[in-house]
Every structure is written in structure tokens, then in C-alpha cells.
Amino acid sequence: MLRKSFLPALLAVVLAALGLVVLQPAGPAMSATTPVRIMPLGDSITAGPGCWRAKLWHRLVTTGYSNIDFVGGVSDGGGCNPGYAYDFDHEGHGGYSATGIADNNQLPPWLAAANPDVILVHLGTNDMWGGYIPLATKLTAFTKLIGQMRAQNPNVKIIVAQIIPMSAAACATCPADVQAFDQALPSWAAGLTTAQSPITLADLWTGFDAVADTGDGVHPNDTGFQKMSDAWYPAITKVLGGVTPSGSASPSPSRSTSPSGSASPSRSTSPSASTSPSRSASASASPSRSSSTGACTASYKIISQWGGSFQAEVTVTNTAPTPATAWTATFTFANGQQVQQSWNTTLTQSGATVTARNATYNGSLAPNGSAALGFLASWNNTTNALPAVTCTLS
């Protein structure tokens with residue numbers, strides 16, 4: 001989303017004509033007409049609502065960095081409801097891992113569509129589950145992603161987060177694995193950074209309490225999102241001081257207000273899910289199926305599948321002109337699939353029929369807003385037919 005203001009420039013011209021000197025505050029090296037395009041890239045912690053983005057946007061524009069444009073192929077539809085307008089656009093994908101994005105080459109088309117000047121990366125949470133993926137494999141995936149970013153824009157500025165911690169209650173092996181990953185990032189970044197395309201680290205781990213600052217040991221609550229925003233801010237303002245916008249892509253339309261609706265707790269609508277290093281299916285090419293009931297649409301997508309198990313995602317979108325306070329998605333498996341774990345939903349399975357209702361924190365959907373739920377399930381390793389999903393809103 002692009003926000004512009006021509007009043008400061010007009011005022012400067014008038015004052016100059018009167019012989020007065022205008023002192024400009026220190027700020028980013030940005031064109032007067034072209035916004036700096038910033039892509040928030042991540043998993044469910046960045047996806048809807050991912051309210052650290054709203055808080056960061058607000059702090060940036062209220063401290064003089066108004067010529068910025070958050071970009072990406074996903075919109076949270078204003079789901080944070082913070083009480084002020086913010087940019088909805090991002091590239092957060094619930095349930096996605098850094099290794100999966102790298103292995104399946106999902107990043108290049110996202111980059112081509114968004115054409116970012118700056119990328120904020122909070123990835124790796126989904127690579128921690130179960131302790132299956134070696135640290136070296138995670139860093140190799142990050143290195144590949146950096147190469148793809150620079151292939152799309154040799155001058156791209158990259159800010160990589162030392163990701164927020166996970167609680168032992170959510171995942172016994174994850175706290176130590178997150179810490180090891182975060183501790184490895186400084187030397188990794190030092191080996192890849194260049195003057196043309198520097199890599200800056202943002203320390204989101206220090207001071208973040210995986211119990212008090214999350215709702216489930218993984219996804220931030222409002223306090224956690226505020227801490228994330230506070231940690232991103234000094235890193236991005238340092239980078240913005242030396243960014244010249246590419247100016248090669250058309251700015252996105254300006255939005256003046258966030259959709260109305262009751263405030264909802266600030267939690268991500270998509271989870272972190274276990275990731276096995278042996279997955280081979282590409283999420284970008286994964287089969288999907290969608291349906292519409294008039295008031296809402298629902299889509300079902302297989303993220304990846306491997307021997308005996310698969311990960312899928314269902315997205316419910318409010319297509320009605322009024323906000324919704326709750327949603328339900330229903331589908332029936334045809335090949336004996338059994339859900340083993342789910343997130344961002346209260347899910348039950350009776351025989352082949354699965355009923356998924358919103359969690360306490362993601363039921364509110366503004367018009368055109370969406371929520372994603374995910375799950376891991378077993379399959380017969382032969383046929384994994386896509387079920388038709390129906391949805392209702394209330």
C-alpha cells in the first residue's frame with residue numbers, strides 16, 4: 001500500500017519563495033515520488049493478522065518514514081484492527097518453512113510480483129518442529145533464498161530476524177534449536193553480506209518471553225507483536241537511510257482506512273507445523289480446490305506430502321459486505337485420510353467428515369478478510385483426493 005503526502009513539498013516551495021530555510025529531518029534516502037517497497041516475508045507469525053506489521057508500519061509513518069509501501073501477494077484485510085490505518089500487504093504464508101520455500105523455489109515468483117527494495121525475513125519457526133532438520137540444512141536454505149533475492153534485485157537490502165523463541169510446552173526440542181539457529185545467524189550473515197546488498201540482523205529473540213508474549217507458545221499475542229515491532233524498528237530505519245527505491249514497479253493503490261470491526265486478539269491465523277526434511281512436493285504447484293457459498297469462499301490446498309503423511313491448508317474468505325464474527329469449514333475425505341494435528345482452528349473429525357471452526361482469536365473477518373487453518377494428516381500413500389470444502393459465517 002502506498003501513502004503519499006504532497007503538503008510537505010508544497011510548503012517547502014512556498015517557504016523557499018519567501019526566502020526562508022527549511023530544515024529537513026534526517027530520514028531515508030527516498031525519491032519524492034517513488035516509495036520504498038518493503039516485503040515482510042515469513043510464515044504464520046507474519047501472516048494474518050501478523051500484527052507486528054501494523055505496529056511497525058504505524059511507527060514508521062509517524063516518525064517520518066511516510067514514503068514506504070509494504071508489498072507482497074497476501075493481504076490481511078485489516079484483521080489487526082489496531083485503531084489506525086496501516087498497510088495490509090505482506091508475503092507471509094502459514095505453515096511454510098524456510099527449507100520448503102527454498103527446496104520448492106517458491107520465492108522467485110513472489111519477488112517478481114512484489115519487486116521489493118527491502119525484505120524483512122522472519123523464517124525458520126516451521127523448520128524447528130521435531131528437531132528433524134539439521135542446523136546446516138536450515139542455513140543452506142537461507143543462503144539459497146538470499147541468492148534468489150539478489151538475482152531479482154542486486155541492490156536489495158535484507159533484514160533477517162533472529163526469530164522469536166518457542167516454548168518447551170509447545171515443542172520440547174524447539175527452544176534449544178531456535179537458540180542455536182539464532183546464535184548461528186551472525187557469522188552466517190557476515191559471510192554473505194555485501195556493500196551492494198547488505199544483510200542486517202534484527203534481534204527479535206532477546207527479551208521475548210515464549211510464554212508471556214504468546215498465546216500458544218509459538219504465536220505472539222499483542223504484547224509479543226509490540227516487542228517484535230520494537231525490535232524491527234531500529235534495524236529497518238538504519239537500512240532505510242540508505243535505500244534508493246527501484247521505481248520500476250507501479251505503486252499499489254492507497255488505502256485510507258482499516259476496515260471496521262471489533263478488535264480481535266493479535267495472533268497469527270496460521271500456525272507452525274512440523275516439517276520433515278524428506279518432503280518433495282512443491283507447495284507452489286500443489287493441488288488445490290475452492291468453492292463458494294455466496295457469503296464466503298473456502299479453498300483446500302495440499303502444502304506437501306510424503307510417505308504416509310501430508311500437510312494441508314484451508315483458507316476461508318469473507319465475501320460478504322459486512323464483517324463476520326465466526327466461521328466454520330466442513331469437508332469430507334474420500335480416501336481414509338485421518339487428521340493427526342491441527343492449528344488455528346477447533347477441529348473435529350467424525351468418520352470421513354471434518355468440521356473446522358475458528359479459534360478464539362481468528363473468528364473476526366472483515367469484508368475480503370481471510371483466515372487460514374492447517375493440519376497434518378495421514379493418507380494411504382496412493383490416493384489423496386482433494387475434498388470439496390463448504391464454509392459458513394456468522
message: Checking side-chain polar atoms at under 3.5 Å, does Gln152 have a donor or acceptor matched by the opposite partner on Asn115?
response: yes

- request: Would you check if there is a donor-acceptor pair between the side chains of Arg357 and Thr346 at a distance under 3.5 Å?
  value: no

message: Can you confirm whether the side chains of Tyr132 and Asp177 place a donor and an acceptor under 3.5 Å from each other?
response: no

Proximity of His58 and Tyr84 rings by center, below 6.0 Å: yes

message: Could you check whether Phe331 and Phe333 have their ring centres less than 6.0 Å apart?
response: yes

query: Do Trp110 and His93 have their ring centres less than 6.0 Å from each other?
result: yes

message: If the condition is salt bridge (Lys or Arg N to Asp or Glu O under 4.0 Å), which residues does Lys144 pass it with, not counting sequence neighbours?
response: none

- prompt: How about Tyr233 and Thr63: does a side-chain donor come under 3.5 Å of a side-chain acceptor?
  reply: yes

task: Would you please name every residue forming a ring-ring contact (aromatic ring centres under 6.0 Å, His included) with Trp188, sequence neighbours left out?
output: Phe142

- request: Quick one: which residue pairs count as a disulfide bond (SG atoms under 2.5 Å apart) with a foot in residues 126-231, not counting sequence neighbours?
  value: Cys171-Cys174

- request: With sequence neighbours left out, write down each residue that passes salt bridge (Lys or Arg N to Asp or Glu O under 4.0 Å) with Arg59, or none if nothing qualifies.
  value: Asp230

- prompt: What orientation do Phe70 and Trp57 show, parallel under 30°, tilted 30 to 60°, or perpendicular over 60°?
  reply: perpendicular

- prompt: Run the salt bridge (charged side-chain N to carboxylate O under 4.0 Å, His left out) check on Lys138 and Asp127 step by step: do they pass?
  reply: CA-CA 7 Å; Lys138 300 167 192 171; Asp127 300 89; over 6 Å; no

query: Just checking, any donor-acceptor pair under 3.5 angstrom between side chains of Thr383 and Asn335?
result: no

- request: Quick one: list whatever passes ring-ring contact (aromatic ring centres under 6.0 Å, His included) with Trp327, sequence neighbours left out.
  value: none

query: Which residues satisfy the salt bridge (Lys or Arg N to Asp or Glu O under 4.0 Å) test with Asp213, sequence neighbours excluded?
result: Lys227

